[in-house]
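The structure under discussion appears below in the form of structure tokens.
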Amino acid sequence: MQTKFIPINYDYFDYKGRNYAKIIGRNEKGKRICMIDSCPVYIWAILKENINQKQIEKITKKIEKIKLDLKGRQTKVEKVELHDKKFLSKKVKALKIYATNYKDLHDIASKLDFKEIEKRRGYDLGFTTHYIIEKKLKPLHWYTISGELLNNSEEFGGIDMNLDVDFCIKVEKIKTLEPDKIKYQPKILAYDIETDELQIGKGEILMISLVSDNFKKVITWKRNPTSDIRHLTSDFLEYVKDEAELIEKFIEYVKKVSPDFLVGYFSDGFDLPYLKARADIHKIKLSLGLDNTQPKFSRGVQLTGKINGITHIDLLKFIRTAYAQYMKSETLSLNEVAKEFLGDNKKEFKLKHSSKIKEHEWQKYYEYNLHDSILTYKLFEKFWPDLLEFTKTIEEPIFDTSRYGLSKYTESYILHNLEKFNEIPEKRPGHKEIGERKEIGSVKGAFVYEPTPGLYENIAMFDFTSMHTSIIISMNISKSTLLEKKEKGAYESPEIKEKNKKIKYYFSKEPGFFPNLLKEIFEKRKKFKTEYKKNPNPITLARSNAFKVLSASAHGYIAFFGARYYSHEASASILAFVRKFNQDIIEKTKKQGYKVIFGDTDSVAFTREKKSKKEVLKFLKKLNNELPGVMHLELEDFFKRGLWVTTRGGTAGAKKKYAMIDEEGKIKIRGFETVRRDWCKLSREIQSYVIKQILKDGNEKKALEYVKKIIKKLKQKEINKQDLIIKSQLKKPLSEYIATTPHVIAAKKMIEQKIPLSQGTLIEYYIAETKTKSKLVRDKVKLPEEKGEYELDYYLNRQILPAIENIFQVFGINIKETIEGKKQTTLGDF
DNA sequence: GTTAAGGCCATACC
DNA sequence: ACCGGTATGGCCTTAAC
């Protein structure tokens, strides 16, 4: 039979010693289909140089005889071919050694210890990745598949009989369909659980909400026994007898909706493992899989929950890697993320233990639970274009792309594109190699220019477009193009200090596959950005974003010790170029007669004095003409004013801290306390006001008046406590803290009061007046709900004044004296 | 007991 | 371990007096 098909969920199984890919997807009518397919399995043996034909024939014969009997599975070499390939951009002769089972390739590799063989590669990709590369059945692309329909067939041990799909097909032919011809509407089911404890399985699950297209449900067994059920019943609410029945009902609904995607928020680390743990306690099988199997959890750094045939998505992970760096939200909590992307307003509900929930609060709790699933559902819809485009770009199953970090994005893109360079993949570094890479230590980073504190007018700012990436492309830098010694015409890095020696690295003129691939990414990034500007919609934006992220992560990937194509030398060279190009631009700008104010990594800002914008742009053009390759400097913007301050208590200009106002009055604040979430709202707001007023007026007069007014309020204890809350994140488990900081104390108080808390929680507290004689801040910590007066001294001298004093210092004003008054007379003002 | 230096810790910039 | 280095600054801990 023949059908159209979009692959969504990839899995594989062994049958009679061979690997079979098992791919679940849909056809154009929305029917769920399972495809079963196989592909050649092989390992590359790269031969040493100068091995002659006779030697090759000799070892080929030996290799062909390799047979292994492992754990009851017999495996053997089926075929050996000689190929002309490339490895790390160098021409090599390599044997392609076919075997029966991908998992046995490691053992076959260990049998290939012939002296003629230099390296063994290409057996650590994982079967699914290998399969996608071999058969080009890429996730979320459309295909026409023809094959044999398996209908209650005995083949593959009757796999189709236990699988909840419409058809099961043994693939014979795969044909690519024109992209975007058929619209695929993903079937989504969002879920969220509420529990009494945050530790997995420790407390009971109180309720579960489920949201799909035209489907809303909250299942619960908890309510106050004295309350009248009629008042509590809603159209979405369904009562069950106990927690066991709750879990069974959940399974029932998942099966009934039968989604492509079961979507949660932090569900890898919480909801799914929690459900499994509670199901285990009740001896219930959490049979969510299409084959009725339970979710499988794998432990990387973080827990990951996989359901057979249904793609479990933890949206938090995807947002964290693909979006967090471009977001404004202070935390990645569902509420804040929803606020930023959906404009949804918070549903207020303070989580507490079920025993402390009052009668009338239950209905609110149910609604809160439902709302979380609604938000998760809407966020999935919102991010679907991004999930789609990232998956199509990286060519890994969406289950994986949605969980990958930046290095994996880059690496997957490379692995799926090696074939066009005829490259054999490099291996993953082992423990030993990672250790060695760490041992070498980090390389010197970018250059940051020390600004002179002050208020400046008429500022222009230039920055390099994708600086690191354009350096890699323009200077052909990579692990594979690094030369052992200087060659004629090679690219030469600036001088680098390594172990007290000054050295240079050289890179081949011969284009390497990595810089070449990056050039492709770089150009696609430009193309999709233009495409988006011409035709703005979620898909073009997502495509543009995918390539933006990919392009921006290239250098980080090379410098990451876990990367296949890691290179200390390449990373050091890239950064040496980064420093050099930035410093060169700064020098040239000074020479041109401009006053340089600041520069950080890839940017320079300067006052244009009396020169016109036109002259500045002419200068920019001149600078660009002197840049090599694809390197490009662009005008970030012209600014009306900008403010730079000293470091706290010092005289040096503070780096990475500035504020500018553009000609439309739009203000850009970097590094100041205003943008730091670990300062209280009051400090941030005062500072933000002061900065804005100064930038608008060009002087400090109004700002000073405002500050006096607020400080008066502060002294009269008229400030709302909410504005004095300090927030700080618990970055590791409480037990691992060496120093007992205020936020650690606050966290301990929360535990005492049974307020849910875990690693990653944003801890809130305020500093209160206490009887203690202790000078330690931590001894005055109180939780927001705790009764108490705020301590004036702390907020004045450690929050408000520090945030503004070096700003007023720019105008020669000592704000402490002005407020507290060395001259006591000024105190009378308050 | 006080103080300064150093370390831990969180957060931001690019 | 899950992209990197550079930088500010609060607060605690420790060593020295």
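Keep in mind it's a predicted model, so treat the numbers as computed, not measured. By convention in this document, chain letters (A, B, ...) are assigned in the order of the sequence lines, proteins followed by strands, and residues within each chain are numbered from 1.
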From the options [options], select the nucleotide whose nearest atom is closest to the side chain of [X].
X	options	value
A:Tyr794	C:dC11, C:dT8, C:dG5	C:dC11
A:Lys655	C:dT13, C:dA7, C:dG4	C:dA7
A:Ile738	C:dC12, C:dC2, B:dC8	B:dC8
A:Thr740	C:dG4, B:dT11, C:dT13	C:dT13
A:Asp678	C:dA1, B:dT11, C:dT13	B:dT11

Describe the nucleic acid contact of [X] in one word from base, sugar-phosphate, nothing, applying a heavy-atom distance below 4.0 Å.
X	result
A:Arg670	sugar-phosphate
A:Tyr737	sugar-phosphate
A:Gly556	base
A:Phe561	sugar-phosphate
A:Phe464	nothing
A:Ser553	nothing

Problem - Side-chain-base donor-acceptor pair under 3.5 Å for A:Arg676 and B:dT11 - result: yes
Exercise for the section: Whole angstrom is fine here: how far is it from NZ in A:Lys732 over to P in B:dT11? Expected result: 13 Å
Problem - Between P of C:dC3 and NE2 of A:His568, the distance in whole Å - result: 20 Å
Are [X] and [Y] near enough that their ring centres are under 6.0 Å apart?
X	Y	value
A:Phe462	A:Phe606	yes
A:Phe513	A:Tyr565	yes
A:Tyr449	A:Phe598	no

Problem - Counterpart residues, side chain to side chain contact (heavy atoms under 4.5 Å, CB included), relative to A:Lys721 (two or more places apart) - result: A:Tyr766
Exercise for the section: Rounded to whole angstrom, note down the P distance from B:dA10 over to C:dC2. Expected result: 15 Å
